[in-house]
Amino acid sequence: MYKVFLVDDEPSIREGLTTIIEWEKYGFQVIATAASGREAISRFEELEPDLTIIDIRMPGMTGLDVIEEVRRNHPDSHFLILSGYADFDYAKKAISFGVDGYLLKPVDEEEIIGELERIATILTRERETMARHAGEDIVFREHQIEALLFDSLEGAGSMEEDSLGLHWPHYQIVLLEMHVTPDLQRGSVMKRKLIEAFDHKDRGIVFSFHSGLGLLSKEIITSESSARNLYDELEGLLGEWEVHMYGAAGEPVHSTSEIAQSYTQANRLLGERFLFTEQRIILWTEGSEGEGVVKPEVEAVDGAHEPVEDELADKLYYALDIRSSESVMRVLGEMEERLVPYHRTEQAIKTAFSQVFSLAFNKLAATNQHMHSIMQEHSVLINEVYHQFTMSDLKVMASEHLNRLIQRMGGGSKDTVLKQMIEFIQRNPGENLKLEVLAEVFNYNSSYLGKLFKNHTGEYFNAFLDKVRMEKAKELLDEGLKVHQVAARVGYANVDYFHGKFKKYVGESPSAYKQARTQSSIKGTATDINEE
C-alpha cells in the first residue's frame, strides 16, 4: 500500500476525503491528516508519505510553502494539490514546482480516483526501478550500461566491452517512454519480456532510465521503415497490455566510448515527445524539423512573439458564444500555431492552453449564468489538459469537450453570419469588439464583411456598435448606476469620450439624461399618489 498524507485546514475536506474514497481498492492508505502547513512540515519526516494531498491556500503557511520546504530534503516527493477555481494562478505556480497534478474543489470522486490510479503507476515504476530485482546478472549489466552512458573516465570503454561482450560493429541507443493503464502495474513484467527478446538472444541490452526503458541495440535502425518494424515488434511483445509507447533513437556509433552521444541524442529527442504526431520511434535525424513532430507555422525567435493568451481567449469566447464548432476548430488551430513556438516545453504549453480555456470560460459563464454545465465542463477540461500525452491528443480532447459544450448550449447556430454578428454585439456591448477580430471568428475578409454589414444594417460597424452601447448605457443609467460605472460597462475606458458619444447619439449628456429621468420618475410617483 502507498501511504497518503492529507493536509487541509477545513475539517470537512479532511473527513470527506478520508471516507468517500475506497483507498485500499486503489493501492493507497491514509496514514495521517494535518490541519495546517506547519503541522504538515513537522510530521513529514516521521510519516514519510508516498503521496501528499494538500490544499494550495491555507492560512499561515500555504500549500506552496509546504511543497517548497519539503522539496529541499525530499526532491522526489509526490504532491497532489487541491485548489479552488479562483486560485488558478496559484495552481499554475504549483505545477511549475513539478507537482503530480491538481484537483478543483469541490472534489469529484471519479476525478480523484483517476488521479490516484495515474499516480499509482508512477510510484510503482519508481519502486521497480529502485528495487532492480530482476536478478544479479541484470543488475550488473545495467550498472555497466550506466557506466558507458555517464562515466567520462578515459579508458573505461574497453573494460565494459570485455565485461559485457560488447564487441559489436555498431551500437545504438533506443529509448522508450511507456504509459501503462494504472490497474496493470506491470512494469517489471514488461521489462522481462523485452529482456527475453533482446538480452537473451544477443540482440541488445535492456536497461531502465528515468522515463521508461532503454535498449542498447546491436541491430541498428537508420530508416523510417526499420524504425517502424522495431516499434511493431515492441508493440507485439507488449500487446497483452494497454501501453502508450513513444520511442526515440540516437545515431548509431562505432565504439563504446561514443554510446553516450547516441543516448544524449535519443534523450533530447524524447524530450520533444509532447510534439510527436504519432506513437512510433523517431530517428535522430527528425526532431523539431522532421515529420514526426508538430511543426508550427510560426518559428519562435527570442523576443519576437509575446504571449497572446488574452487575445486567443477572446476569440475562443466569441466562437463558443455564437455556438460555432467550425470557429472553435479554427481558434484551436491558431492556439497551436501561436502558443507552441513561444512556450516550447510541454508544461508551459499546457499551462498556456489552460489559461486560454479559463479566461474564455470565465467570460462565457458571466454571460450565461444559468448554464452550470459551463463551469463543470471547465473543471473537467482543465484537468484533462494535463493528462494528454501529445499536442495532437490535447487538440482532439479539447475539440470534443468544446463541441459537447456547444451542443449543451443549444447546438450549432444555423442563422446567417450577419444575424449572429448583430446578436453577438447586442449580448456583448461592453467587449472590446473589433470588426477584424469578428471577421477572423466568422472566417471572412474584414473589408468584405464590413460592406455586407453596411448593406444589411444601413450603418457602418462602429456606428452600429456605438448605438447599441448607447441603448445599453441608457438602461444602466435608468437602473441608477453612476456615469463612470456605465462607461466602463459599455466598453469605454475614457469617461470624457463616453460623454461625447452619448451626447452625440442621445442629444444630451449622461448626467442630464439621468437627472431628467429621475425627475420624471419623481413626478410620475407624485401624480400616482395624488390620483389615489
Side-chain angles (χ1 to χ4, degrees), residues 1-71 74 77-120 123 351 354 358 361-362 365 369 372-387:
M1 290 286 174
Y2 297 118
K3 298 182 292 183
V4 178
F5 186 21
L6 300 178
V7 184
D8 198 298
D9 61 315
E10 297 181 46
S12 59
I13 297 291
R14 298 196 302 274
E15 183 178 348
L17 286 175
T18 304
T19 56
I20 66 170
I21 304 297
E22 295 179 65
W23 294 93
E24 293 186 2
K25 180 178 178 181
Y26 304 100
F28 291 86
Q29 178 184 10
V30 177
I31 57 168
T33 65
S36 69
R38 297 197 181 283
E39 183 183 357
I41 292 292
S42 66
R43 301 191 64 190
F44 197 90
E45 294 288 342
E46 163 207 344
L47 297 170
E48 295 184 346
D50 297 299
L51 172 65
T52 301
I53 301 178
I54 187 167
D55 186 13
I56 198 170
R57 189 192 285 271
M58 294 182 292
M61 194 174 202
T62 69
L64 295 181
D65 296 332
V66 173
I67 294 170
E68 193 170 11
E69 180 69 21
V70 167
R71 282 279 166 79
H74 303 275
S77 53
H78 292 273
F79 288 91
L80 190 61
I81 59 174
L82 300 174
S83 165
Y85 173 72
D87 297 327
F88 180 71
D89 287 336
Y90 279 87
K92 281 199 302 182
K93 185 175 181 182
I95 289 164
S96 72
F97 284 6
V99 299
D100 294 79
Y102 85 96
L103 299 165
L104 285 175
K105 293 182 179 181
V107 177
D108 178 77
E109 183 177 350
E110 291 184 7
E111 205 173 312
I112 193 170
I113 287 172
E115 289 295 295
L116 291 176
E117 289 176 336
R118 181 175 64 84
I119 294 170
L123 292 169
T351 298
S354 296
S358 289
F361 272 72
N362 252 347
Q369 295 179 359
H372 297 296
S373 59
I374 292 175
M375 296 319 298
Q376 292 172 354
E377 193 66 41
H378 168 270
S379 173
V380 175
L381 175 58
I382 295 299
N383 198 45
E384 283 295 313
V385 165
Y386 291 99
H387 291 171

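Predicted, not measured: the structure shown is a model, and the values here were computed from it. The first residue in the sequence is number 1, and the count goes up from there.
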May I ask you to test the [X]-[Y] pair for a side-chain heavy-atom distance under 4.5 Å?
| X | Y | result |
| --- | --- | --- |
| L116 | L51 | yes |
| L80 | I119 | yes |
| I53 | E115 | no |
| K25 | I113 | no |
| L103 | E111 | yes |
| W23 | M1 | no |

Report the distance from atom [atom1] of [X] to atom [atom2] of [Y], rounding to the nearest 0.5 Å.
| X | Y | atom1 | atom2 | answer |
| --- | --- | --- | --- | --- |
| K105 | E10 | NZ | CD | 4.5 Å |
| S83 | I54 | OG | CD1 | 12.5 Å |
| L6 | R14 | CG | CZ | 9.5 Å |
| H378 | N362 | NE2 | CG | 7.0 Å |
| I81 | R57 | CD1 | CZ | 12.0 Å |
| D8 | E15 | CG | CD | 12.5 Å |

Please lay out, stage by stage, how V70 and I41 fare under the test side-chain contact (heavy atoms from CB on, under 4.5 Å).
-> CA-CA 7 Å; V70 167; I41 292 292; 3.8 Å; yes

Just wondering, more than 12 heavy atoms not from R43 lying within 6.0 Å of its CZ?
->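 More than 12 heavy atoms, drawn from other residues, nucleotides or ligands, come within 6.0 Å of this atom.
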
Evaluate side-chain contact (heavy atoms from CB on, under 4.5 Å) for T52 paired with V66, printing each intermediate quantity in order.
-> CA-CA 10 Å; T52 301; V66 173; 6.0 Å; no

Which pair of non-hydrogen atoms, one from [X] and one from [Y], has the smallest distance, and what is that distance?
| X | Y | answer |
| --- | --- | --- |
| I21 | E109 | CD1-CG, 3.8 Å |
| I382 | S358 | CD1-OG, 3.7 Å |
| A40 | A34 | N-CB, 4.0 Å |

Once the angle between the rings of Y2 and F28 is folded into 0 to 90°, is it parallel (under 30°), tilted (30 to 60°) or perpendicular (over 60°)?
->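 Aromatic pair Y2/F28 classed tilted.
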
Using the six-membered ring wherever Trp is involved, compare the ring planes of F5 and F44 and label them parallel, tilted or perpendicular (cut-offs 30° and 60°).
-> tilted

Only one of E69, E45, E48 passes side-chain contact (heavy atoms from CB on, under 4.5 Å) with H74; say which it is.
-> E45

Does the pair D100/R118 count as a salt bridge with the N-to-O cut at 4.0 Å?
->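 So D100 does not pair with R118 through a salt bridge.
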
Verdict with supporting geometry, L82 and L17, side-chain contact (heavy atoms from CB on, under 4.5 Å) | CA-CA 11 Å; L82 300 174; L17 286 175; 3.9 Å; yes

Check: S36 main-chain N/O paired with D9 side-chain donor or acceptor under 3.5 Å =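 The answer is no, because no donor-acceptor pair under 3.5 Å joins these two groups.
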
Flag, side chain of N383 to backbone of V380, donor-acceptor distance under 3.5 Å | no

